[in-house]
Number of protein chains: 2
Amino acid sequence: MRDEYSLESVKEIFTKFLVDKKHRKTPERYAILERVYTHDGHFSAELLYKAMQSDYRVSLATIYNTLELLLECKLVVKHQFGDQIAQYEKTFGTVKHNHLVCTSCGKIKEFSDKKIRTLIQNKRFAQFDVSYYSLYLYGTCKKCKIESEKNKNK
Amino acid sequence: MRDEYSLESVKEIFTKFLVDKKHRKTPERYAILERVYTHDGHFSAELLYKAMQSDYRVSLATIYNTLELLLECKLVVKHQFGDQIAQYEKTFGTVKHNHLVCTSCGKIKEFSDKKIRTLIQNKRFAQFDVSYYSLYLYGTCKKCKIESEKNKNK
DNA sequence: TTTGTTGCAAAACGTTTGCAGCCTC
DNA sequence: GAGGCTGCAAACGTTTTGCAACAAA
């Protein structure tokens with residue numbers, strides 16, 4: 001029931017945002033929001049588009065448009081990992097985390113570190129208002145490291 | 001003379017890398033390296049391409065190819081700030097820093113924080129070898145904040 | 001001589017845009 | 001009824017690729 005609840009509250013937040021900003025409450029927007037919130041982990045605009053085709057037909061343009069709105073009201077975050085295409089992720093019900101990006105296979109792992117988080121979140125600037133941050137650690141995952149060591153010995 | 005010196009050592013590092021990897025030492029590659037290292041701050045592939053046209057004709061493809069090599073041997077770093085196009089930056093002679101990205105005007109400011117840097121650099125993972133990291137703080141710069149407050153009062 | 005590298009142009013890719021018709025408000 | 005939103009397709013800008021000519025090893 002917990003998921004049910006959070007989906008409802010997320011819809012409420014979105015509705016409030018749409019009303020505040022005088023945007024229209026279209027069925028497409030709610031369908032996209034629902035899909036985003038029933039998906040765990042990262043997704044691209046393309047993936048979301050394909051995933052939706054089966055039960056609700058929306059254009060890719062609308063996906064992009066709606067993701068933009070969801071970013072604005074902070075119901076999703078957007079990641080740009082190195083060369084990769086933009087990845088999105090729901091925020092509500094997701095613990096704030098950082099990312100390990102393998103530069104060899106592109107795989108992403110998440111990690112949390114309270115000390116780092118606290119330190120960054122408490123940082124203040126005279127000339128700049130921080131609204132969010134992203135910390136990406138790039139490197140090589142275990143699997144790729146083993147792979148590359150194998151190749152060395154050839 | 002200090003710059004002179006570092007340019008020479010950077011060339012040596014690049015040469016060593018090229019030889020190790022059995023890549024060819026082409027004049028284009030050195031011309032690009034030199035240009036990169038006489039430029040302060042961020043630059044895009046396009047900018048580098050245009051900047052070089054006046055004194056050394058290289059194709060954009062070669063620029064991309066060479067930047068890839070320079071990334072591999074860590075003589076440059078690549079940034080992907082939010083929606084913006086890829087930005088590059090020399091590493092040698094540049095103090096490690098983090099970035100403030102204004103989501104309104106896109107301007108980038110740099111900042112250093114020893115505590116944050118130390119904390120992140122000392123982080124170790126069992127299944128992952130970190131080779132570098134990027135920390136971007138997104139928000140609104142003073143100028144854009146004043147601008148948006150003006151618009152509110154209309 | 002071999003083959004990695006180049007320049008060029010075309011292609012690819014994710015994303016944005018223009019527009020006619022639709023549907024919130 | 002007005003005009004914001006939609007789907008569609010075409011356009012966009014950055015990056016990659018295919019290929020013939022070139023030049024480093």
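Residue numbers begin at 1 in each chain, while the letters A, B, ... track the order of the sequences. Model, not experiment: these values are computed from the prediction.
- Taking atom CD1 of I63(B) as the reference point, atom C1' of dT16(D) lies 15 Å away to the nearest angstrom.
- With a 6.0 Å cutoff to the six-membered ring centre and a 45° limit on the axis angle, K142(B) does not count as a cation-pi contact of F125(A).
- Judged by closest nucleotide on DNA chain D, K22(A) is the one of K22(A) and R57(A) placed further toward the 5' end.
- Residue K21(B) contributes atom NZ, which lies 18 Å from atom P of dA25(D) at whole-angstrom precision.
- Counting non-hydrogen atoms under 4.0 angstrom, K25(B) reaches the backbone sugars and phosphates but no base.
- Listed candidates were dT15(D), dT6(C), dT17(D). Nearest to the side chain of N65(B) is dT6(C).
- Atom OH of Y30(A) is separated from atom C1' of dT24(C) by 12 Å (rounded to the nearest Å).
- Whole-Å rounding puts the Q80(A) CD to dC13(C) P distance at 18 Å.
- Taking the ring centre of F43(B) as origin, the terminal cationic atom of K90(B) falls outside the region bounded by 6.0 Å and 45° from the ring axis.
- With dG7(D), dA24(D), dC5(D) as the candidates, the nucleotide lying closest to the side chain of T26(A) is dC5(D).
- For the pair M52(B) CE and dT6(C) P, the computed distance is 11 Å after rounding to whole Å.
- The aromatic rings of H42(B) and H79(B) sit perpendicular, their planes meeting at an angle over 60°, well past the 30° parallel limit.
- Side-chain atoms of R35(B) and Y56(B), non-hydrogen and from C-beta on, never get closer than 4.5 Å to each other.
- Rounded to an integer number of Å, the gap from L67(B) CG to dT16(D) P is 10 Å.
- With dT15(D), dG7(D), dT6(D) as the candidates, the nucleotide lying closest to the side chain of A86(B) is dT15(D).
- Closest contact between the side chain of R24(B) and the listed nucleotides dC5(D), dG7(C), dT5(C) involves dT5(C).
- Side-chain proximity of E28(B) to dT15(D), dG7(C), dG7(D): nearest is dG7(C).
- Each of R29(B) and A61(B) lies near DNA chain C, and the nucleotide nearest R29(B) is the one positioned closer to the 5' end.
- Between F14(B) and Y30(B), the two ring planes are perpendicular [angle over 60°; tilted spans 30° to 60°].
- Note: CG (D20(B)) to P (dG4(C)) measures 17 Å, nearest angstrom.
- Per the geometry, CZ belonging to F81(B) stands 16 Å off P belonging to dT14(D), to the nearest Å.
- Nearest to the side chain of T62(A), among dG7(D), dA24(D), dT15(D), sits dG7(D).
- Between H23(B) and the phosphate of dT5(C), there is a side-chain N or O to OP1/OP2 separation shorter than 4.0 Å.
- Listed candidates were dC8(C), dT14(D), dT6(C). Nearest to the side chain of Y64(B) is dT14(D).
- Among the nucleotides dC25(C), dC8(D), dA24(D), the one closest to any side-chain atom of P27(B) is dA24(D).
- Y136(B) and Y136(A) have perpendicular rings, their planes meeting at more than 60° on a 0 to 90° scale where under 30° would count as parallel.
- Side-chain proximity of S59(B) to the nucleotides dG7(C), dC8(D), dT15(D) is greatest for dG7(C).
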